[in-house]
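To start, the structure under review is shown below, and the notes come after it.
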2 protein chains.
Amino acid sequence: MTDYALLLKASGLKATFQRMNLLERIEVHGHMSIDAMYEEVVKSHPSLSLATVYKNIILMVEKGVLVEVPITGKKSKYELLKEEHIHLVCTGCGEVEDKPKDSIADNLFTSITQQEDFMLNKQEINLYGTCKTCQVALAS
Amino acid sequence: MTDYALLLKASGLKATFQRMNLLERIEVHGHMSIDAMYEEVVKSHPSLSLATVYKNIILMVEKGVLVEVPITGKKSKYELLKEEHIHLVCTGCGEVEDKPKDSIADNLFTSITQQEDFMLNKQEINLYGTCKTCQVALAS
DNA sequence: CTCTGTGCAAAGCGTTTGCAAACGA
DNA sequence: TCGTTTGCAAACGCTTTGCACAGAG
């Protein structure tokens, strides 16, 4: 479990109750939308304002603490910054699962962009489909 | 150049002036945001309504004529449905360039998802960075 | 103590909706 | 002609902003 206070301070942000809780909820779920975060954190902190959530998410993305995960046809989710990986996005239940991105993919995309003189900065790989659970549910 | 009237009819949509022009502008640019489409088409059709653009884009995405391309931190762009490919997204000028996705990547992601019993439907690969033109501009 | 962060309420925008008129087939 | 599509204007809902107060360091 990450030390959120340390993480925030390292990014020049104060370790407030709101931020700590947002980070904790995001880490537990893996990926969350703004609404979902608000709904969860407001339970333990009823005075929480949605505006505060927005402000903090924007700030923490700018500072590199969080990463935005845009999803086709839906609202973005956010995750903690970590090693680059692949997202398996279930179009049934909306859940996002992480999978490690091996070096094959990495080298492949590095070489593709080098051919174009494109200075590669970030690889975003989203695989859309139906997760195991939803497949079972559909079969019945 | 695609036959837009045919494309629309094949999808069960009437070939209206608005739709033909939207498709033509999208094909010429490769990828466009809703606003950009409206700006361009309204020139040749001043009575065009933004609501019509929205309605049509939503409809054409549903029918599979268009594909949404979500972009981190920005509004989605739309492109004509074509063979799966990779997007090089320049964070400087916002331009999106297509690159063919070879079979190596394809097989890789197919096997990754099979391990998970995830029924893969669509591969979305966005590589963010700085295009050649913007690199030159930055250097000066 | 000082500066940052929070909450509230209002403002701002992008997007959607309903409906009458116009249009495509 | 008949069902679809358009344009307009209003409604909606998410996101942002300004400001006074509270809180972290």
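The sequence lines fix the lettering, A, B, ..., with proteins before strands; numbering per chain opens at 1.
- Between the CD atom of E62(A) and the P atom of dT16(D) there is a distance of 11 Å, given to the nearest Å.
- Checked by atom type and distance alone, the side chain of S11(A) never pairs as donor or acceptor with a backbone atom of L13(A) at under 3.5 Å.
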Between the protein and nucleotides 18-20 of chain D, are there any N/O to N/O pairs under 3.5 Å, and if so, what are the atom names and distances?
| unit_1 | atom_1 | unit_2 | atom_2 | d |
| --- | --- | --- | --- | --- |
| dG18(D) | O6 | K55(A) | NZ | 3.0 |

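- Using a distance-only test at 3.5 Å, with no hydrogens or angles considered, no donor-acceptor pair links the side chain of H85(A) to the main chain of D98(A).
- Of the possible donor and acceptor atoms, none in the side chain of N56(B) sits under 3.5 Å from a partner among the backbone N and O of L59(B).
- Counting only distance, with no hydrogens or angles, the side chain of E68(A) and the backbone of T72(B) share no donor-acceptor pair below 3.5 Å.
- Across the protein-nucleic acid pair, Y38(A) atom OH and dT6(C) atom C1' stand 13 Å apart, rounded to whole Å.
- At most 12 heavy atoms of other shown residues, nucleotides or ligands fall within 6.0 angstrom of atom CD in E83(A).
- Distance, Y78(B) OH to dG14(C) C1': 12 Å, rounded to whole Å.
- Remark: P of dT16(D) and NZ of K75(B) are 12 Å apart, rounded to the nearest angstrom.
- A distance-only check finds no donor-acceptor pair linking the side chain of Q123(B) to the backbone of E84(B) [under 3.5 Å].
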Q18(B) and T52(B): CA distance, side-chain angles, deciding distance, side chain to side chain donor-acceptor pair (under 3.5 Å) verdict: CA-CA 8 Å; Q18(B) 293 83 339; T52(B) 299; 5.9 Å; no
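- Residue T52(B) is classed as a base contact, given a heavy-atom separation below 4.0 Å to a base.
- Close to dC8(C), at under 4.0 Å from its OP1 or OP2, lies no side-chain N or O of S49(A).
- A donor-acceptor pair shorter than 3.5 Å can be found between the side chains of E124(A) and Y128(B).
- Residue H45(B) places none of its side-chain N or O atoms closer than 4.0 Å to OP1 or OP2 of dT6(D).
- Classification of the F109(B)-F109(A) ring pair by plane angle, with boundaries at 30° and 60°, yields parallel.
- Rounded to whole Å, atom P of dT6(C) lies 11 Å from atom CD1 of I57(A).
- Under the 4.5 Å side-chain heavy-atom criterion for Ile, Leu, Val, Met, Phe, Trp and Tyr, V67(A) and M60(A) are members of distinct hydrophobic clusters.
- Listed by residue number, the members of residues 3-20 of chain B with any heavy atom below 4.0 angstrom from DNA chain C are K9(B), K14(B), A15(B).
- Residues from residues 21-35 of chain B with heavy atoms under 4.0 angstrom of DNA chain D: there are none.
- When the options M20(B), E39(B), M32(B) are evaluated for a side-chain contact (heavy atoms from CB on, under 4.5 Å) with R25(B), the one that passes is M32(B).
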